[in-house]
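As structure tokens, the structure follows; a few thoughts come after it.
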Protein chains: 2
Amino acid sequence: MDVRTICLGILTRGDATGYEIKKLFEDGGYQHFVEASFGSIYPALNRLTEEGLVSVREEPQEKRPDRKVYSVTPSGRAALIGTLMKALPEDRHRSPFVFAMLFSDLLPGERVRALLDGYIALSAQKLAQLKLKSTDDMRPGERFAFDLGETIYTATLDFLEKHRAEFDRQTPQAAE
Amino acid sequence: MDVRTICLGILTRGDATGYEIKKLFEDGGYQHFVEASFGSIYPALNRLTEEGLVSVREEPQEKRPDRKVYSVTPSGRAALIGTLMKALPEDRHRSPFVFAMLFSDLLPGERVRALLDGYIALSAQKLAQLKLKSTDDMRPGERFAFDLGETIYTATLDFLEKHRAEFDRQTPQAAE
DNA sequence: GTTTGCATGTAAACGGTTACATGATTGG
DNA sequence: CCAATCATGTAACCGTTTACATGCAAAC
């Protein structure tokens, strides 16, 4: 899903500025499925405005750039639904960690253990973060997304902790 | 991980042509973590050759373009290890499916069920594919990658099958 | 006194995909 | 007869990231 569609989706849940959209991406509990930088959000918002899928109202502020609050228009809402009715692109999971593990036999045992421990810590942290964001007033779709995320992180952590020991006695090896 | 590094990694396991690398990506059991098109593989291989990280030997063929078989050089091997010793970029998982589910309340129940069933079928297929590729003679890192993949797919499928019913009685809704 | 938060934006660079060009062979 | 497999490559395009520009206020 491109940034354009993601912005449209977020705005369907309520008005927001570009800045707020970024925040929602990062710690609204959506960070596991999507992410984007300002450099892509602001242009996306401008394009959506040009196309009439969202509207802007400017709230002047002193000593700061004006807040530009975006709202979805009826045709924006229709466009989002239209996108979700068509065939979706496939999920893509890119894992530099797994890629590195594929070559664990070329790396010093120390490094492999650091890789594993780092990944375990990160996953645990993400899981904790996710649990914090979970509330009772979620829509079914949101509930679904959160619980699926939790399931996957839990299964991953479980697996990693079970298999971590297998890499404990690896032959130390020279790097480079 | 960029295509360049992935090619380097694959070649570390044995010589191959660009065409074969693509095949390995697709159905060597790595398709869950990485993927790339010819348009990125061939230029990557040329760049690696320029930089002296791989070498080429051309095998002339009749009625077909010459096979260009690539091998890693010692400095290529060192470069791969060097990359894996440095801090790795974070995993990124982009799921248009989960994104769509986030808006299930805006979609006709029919569509939501189709989305779920489609995703279940796809995951089941991927899992089956993964199991087929699993062999006894894998390196520990490969074994790890495969088993982790299996774990995640299994947990996902399990979750989906358990929660599918929740979307069965959704209010039908007009789209567009 | 430095970092973080608020707030918007642009330009260059990057990495990648898609589509195209070419063409024989084999299998269904 | 058509699709797939083998085999390499280029060019246009696309979406995104990174770095830059600007600047005050509040918190640490």
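FYI, side chains are in, hydrogens and waters are out, and symmetry mates aren't considered; it's all heavy atoms of this structure. Chain A is the first sequence line, chain B the second, and so forth, proteins listed ahead of strands; every chain is numbered from 1.
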**Complete:** The reported gap from CD in B:Glu51 to CG in B:Leu8 (rounded to nearest 0.5 angstrom) is 9.5 Å
What integer distance in Å separates [X]:[atom1] from [N]:[atom2]?
X	N	atom1	atom2	value
B:Glu26	D:dA4	CD	P	13 Å
B:Arg4	C:dG16	CZ	C1'	15 Å
B:Arg94	C:dG15	CZ	C1'	13 Å
A:Glu58	C:dA7	CD	C1'	12 Å
A:Glu20	C:dT8	CD	C1'	13 Å
B:Asp66	D:dG9	CG	C1'	13 Å
B:Ile21	D:dA7	CD1	P	13 Å

**Message:** Nearest heavy atom decides the nucleotide; on that basis, is B:Arg92 or B:Tyr70 closer to the 5' end of DNA chain D?
**Reply:**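 Final value for this comparison: B:Tyr70.
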**Request:** Return yes when atom CD of A:Glu161 has more than 12 non-hydrogen atoms of other residues, nucleotides or ligands closer than 6.0 Å, and no otherwise.
**Result:** yes
With respect to the side chain of [X], which nucleotide from [options] is positioned closest?
X	options	answer
A:Tyr19	C:dT8, D:dT16, D:dT8	C:dT8
A:Lys23	C:dT8, D:dT17, C:dC6	C:dC6
B:Asp2	D:dT17, D:dG15, C:dG15	C:dG15

**Asked** So, B:Glu142 and B:Tyr30: side-chain donor and acceptor under 3.5 Å apart, yes or no?
**Response**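 Result is yes, a qualifying pair exists.
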**Prompt:** Distance check: side-chain N/O of A:Lys22 vs OP1/OP2 of C:dA7, anything under 4.0 Å?
**Reply:**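 Checking C:dA7 against A:Lys22, no side-chain N or O comes under 4.0 Å of OP1 or OP2.
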**Asked** Does D:dT18 have OP1 or OP2 sitting under 4.0 Å from an N or O in the side chain of A:Ser37?
**Response**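 Looking at the OP1 and OP2 atoms of D:dT18, neither is under 4.0 Å from any side-chain N or O of A:Ser37.
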**Prompt:** Contacts to DNA chain D from residues 38-53 of chain A, heavy-atom cutoff under 4.0 Å, which residues?
**Reply:**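 Correct list: A:Gly39, A:Ser40.
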Check for a donor-acceptor pair, side chain of [X] on one end and backbone N or O of [Y] on the other, with a separation under 3.5 Å.
X	Y	result
B:Thr73	B:Gly52	yes
B:Ser134	B:Lys131	no
A:Arg4	A:Pro43	no
A:Arg92	B:Arg92	no

**Prompt:** Relative to the ring of A:Tyr119, is the ring of A:Phe97 parallel (under 30°), tilted (30 to 60°) or perpendicular (over 60°)?
**Reply:** parallel
**Request:** Take the C1' atoms of the five end pairs on each side of the helix from C:dG1-D:dC28 to C:dG28-D:dC1, get both axes, and report the angle to 10 degrees.
**Result:**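 Result, rounded to 10 degrees: 50°.
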**Prompt:** Which comes earlier along DNA chain C counting from the 5' end, the contact point of A:Lys68 or that of B:Ala36, where each point is its nearest nucleotide?
**Reply:** A:Lys68
**Message:** Are A:Phe25 and A:Phe38, when compared by the centres of their aromatic rings, separated by less than 6.0 Å?
**Reply:**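 No - the distance between ring centres of A:Phe25 and A:Phe38 does not fall below the 6.0 Å cut-off.
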